[in-house]
Amino acid sequence: MAQIVAVTACPTGIAHTFMAAESLRRAAAQAGHTLHVETQGSVGTQDALTPAQIAQADLVILATDVAVDESRFAGKTIVRAGTQDAIRDPGALLARAGSAGAPAAAPQAGPLHVVGITACPTGIAHTFMAAEGLEGGARKLGYTAKIETQGSVGAGNTLTPDDIARADLVVIAADTNVDLSRFTGKRVYVTGTKPAIKDGAAVITTAQAQATVHGVTAGGGADASSPDYVAQAAAAKAAKNAGTPAFYKHLMTGVSHMLPFVVAGGLLIALAFAIGSFQFGDQGIFIYEDKYAGTLGNTLFKIGANGAFGLFVPVLAGYIAFSIADRPGLAPGMIGGFLAGLTGSGFLGGIIAGFLAGYLVLWLTRSIKLPRTLEGLKPTLILPLLGTLGVGLLMMFVVGKPVAAALTGLTAWLQGLGNTSAALLGALLGGMMAFDMGGPINKAAYTFSTGLLGAKVYGPIAATMAAGMTPPLALFLATLIFKNRFTKDEVEAGKAAGVLGISFITEGAIPFAARDPLRVIPSLIAGSAVAGAISMAAGCLLRAPHGGIFVLFIPNAVTNLPMYVAAIVAGTVVSTLLLGILKKPLGADGLPLSAARTPVAAD
């Protein structure tokens, strides 16, 4: 049996990280392997792998959705996968790991076509010097080379799919993490920028001898189930549709950086109301008024409302621009987001400012051509100045007032909704939360709801949190009541789903939906729609955009608390009953019982 070490990590570092780790542990135990798993997430690194464990390991599994440091695994066979692979079918992942480790190809004789990437933390001097070193070294050896630079002005001399397809050798000279997913099936050699600057020809010669094939199985082909292969296919599709901007990706980058500000601000505001209620009774709900200035509750309110909430729109805009134009877009984007607040255009104006800043700076980056020795002026002087000037003028004279009027109209419409209309909106938001459980549609509903907090519209976020808690809670309850509809592993996983449900982590339902989507997903959508509809129709308001059931104990954090609890319970019960009806009882073999089964005759 094998000695295995693994690392799991996802963007948020919460649900998928720990679910993937637990799935791998169980599968390894069943297969008789020794497994040590390190989790990397928002709560820090847990169960960190020791040098001794890595040295003794036969292979390494990286079940991650984000880049992790692979340098400590040098010389080890590495199998790369996503957290979803580990959650859905850890046994298959372990089997794939057992067959991984294709031998390095023999050095190739004759002229080579070399491609590469150079990158350093600042992305200015060493990045371009390393590129020049590799290009000069290739010419010295009689080879052709194309080197992509990844620096503070974004990617330069970008490698196309055709460049990579023709490449005989890939050289990565970088002092930062570089995404290698494009190079599946290619011989890849990784080093730092300094060796490339010192002697590019020597680096290429060493790469010929030591490069290893990236992301292949023992049979020598790209593994169609690996995330590297999926990423390669996605890159090819992106190249085919190069004129189509990735709006969703850029928006979600902004949202993911915005959420900590929204959550921290919302929870501080909720605590301010709680402390105000404790100090001043029923008047504590008005703790934000000037007459309470200097009190702890009023101070916490200012930190949350003026501090955290004051920053979330600039951060949203800044990181949308960062996603589009890299670091040069950050300052113009954040300033544009700040101006959205000044003009009253709120989160809608922030989103527009982020895209304006990103695409303006990207255009400037590509249009302004300077000698390599002067490239450092672009990210530090030229791009921030011109980008901020352009976005600022557009926000102040073109975008701000019309978007502010639209946001005011949207706010007035939401606040004036009747019970029936509110219920329909709540049902729509609730269904979206359960449709893909953390995917694009779920995130769209949550982003819409959190964005309205800045306009003091608290109903939609109440509906989305209630609807987001319902799916994993329903699966927890269903695995208790309808045990014969679930496998033993699913019954055990139901307990974890319950914990995730009360914490407002909808992703806890994903493993169940992945195994039986046609029955599970409609059941969850129905229950979440009911929860959202009841919450909105009852006028429930939520001032803390996260925290799950734990927020309910904070006084005045939820308006109309009894009906809010009723909404969560009703949605959970509806989904639970539908799961019991739609899912079929399982036999001892784990397959659905069917009247069409032929009885086995007795001997």
Output yes when Arg72 and Glu38 qualify as a salt bridge under the 4.0 Å nitrogen-oxygen rule, no when they do not. yes
Counting only heavy atoms from other residues, nucleotides and ligands, does the tally under 6.0 Å from CZ of Phe435 exceed 12? no
Can you tell me how far OG1 of Thr191 sits from CD1 of Ile204, rounded to the nearest 0.5 angstrom? 12.0 Å
Which atom names give the shortest non-hydrogen contact between His250 and Ser323, and what distance separates them? ND1-OG, 2.7 Å
If only atom types and distance count, is the side chain of Lys140 paired as donor or acceptor with the main-chain N or O of Glu135 below 3.5 Å? no
Using the six-membered ring wherever Trp is involved, compare the ring planes of Phe355 and Tyr359 and label them parallel, tilted or perpendicular (cut-offs 30° and 60°). parallel
Counting distance only, does the side-chain N/O of Gln40 pair as donor-acceptor with the main-chain N or O of Ala9 below 3.5 Å? no
For the atom pair OG1 (Thr388) and CE (Met395), what is the distance rounded to the nearest 0.5 Å? 12.5 Å
Given the options Leu428, Leu453, Leu429, Pro460 meets side chain to side chain contact (heavy atoms under 4.5 Å, CB included) only with Leu429
Which heavy atom of Leu364 sits nearest to which heavy atom of Gly387, and what is that distance? CD1-N, 4.0 Å
Side chain proximity check, Met334 to Leu330, heavy atoms < 4.5 angstrom: yes
In Å and rounded to the nearest 0.5 Å, what is the CG to CG distance from Leu394 to Leu389? 9.5 Å
Donor-acceptor pair, Thr450 side chain versus Tyr446 backbone, under 3.5 Å? yes
Between the side chain of Lys146 and the main-chain N/O of Thr158, is any donor-acceptor distance below 3.5 Å? yes
Mind checking side-chain hydrogen bond (donor to acceptor under 3.5 Å, both in side chains) for Thr160 and listing every partner two or more places apart, or none if nothing turns up? Asp163
Nearest heavy-atom neighbours spanning Ser449 and Ala445: OG-O, 2.9 Å
Start with the C-alpha distance between Glu70 and Arg80, add both sets of side-chain angles, then the distance that settles salt bridge (Lys or Arg N to Asp or Glu O under 4.0 Å), and finish with yes or no. CA-CA 11 Å; Glu70 300 182 14; Arg80 298 169 181 84; 2.7 Å; yes
Report the residue from Leu62, Thr39, Thr17 that forms a side chain to side chain contact (heavy atoms under 4.5 Å, CB included) with Val7. Leu62
Nearest 0.5 angstrom please: Phe18 CZ to Ile505 CD1, how far? 9.5 Å
Side chains of Ile117 and Ile147: does their closest heavy-atom pair fall under 4.5 Å? no
If you look at every heavy atom in Gly354 and Ile324, which pair is closest and at what distance? O-CD1, 4.3 Å
pair Leu159-Arg182: side-chain heavy atoms closer than 4.5 Å: yes
For Phe504, is the CZ atom crowded, meaning more than 12 foreign heavy atoms sit under 6.0 Å from it? yes
Please check this pair: side chain of Lys302 against backbone of Gly307, looking for a donor-acceptor N/O pair closer than 3.5 Å. no
Angle between ring planes, Phe448 versus Phe347, binned at 30° and 60°: parallel, tilted or perpendicular? perpendicular
Rounded to the nearest 0.5 angstrom, the CG-CD distance for Asn157 and Glu148 is 8.0 Å
As an exercise, state the distance from CG of Asp168 to OH of Tyr143, rounded to the nearest 0.5 Å. 9.5 Å
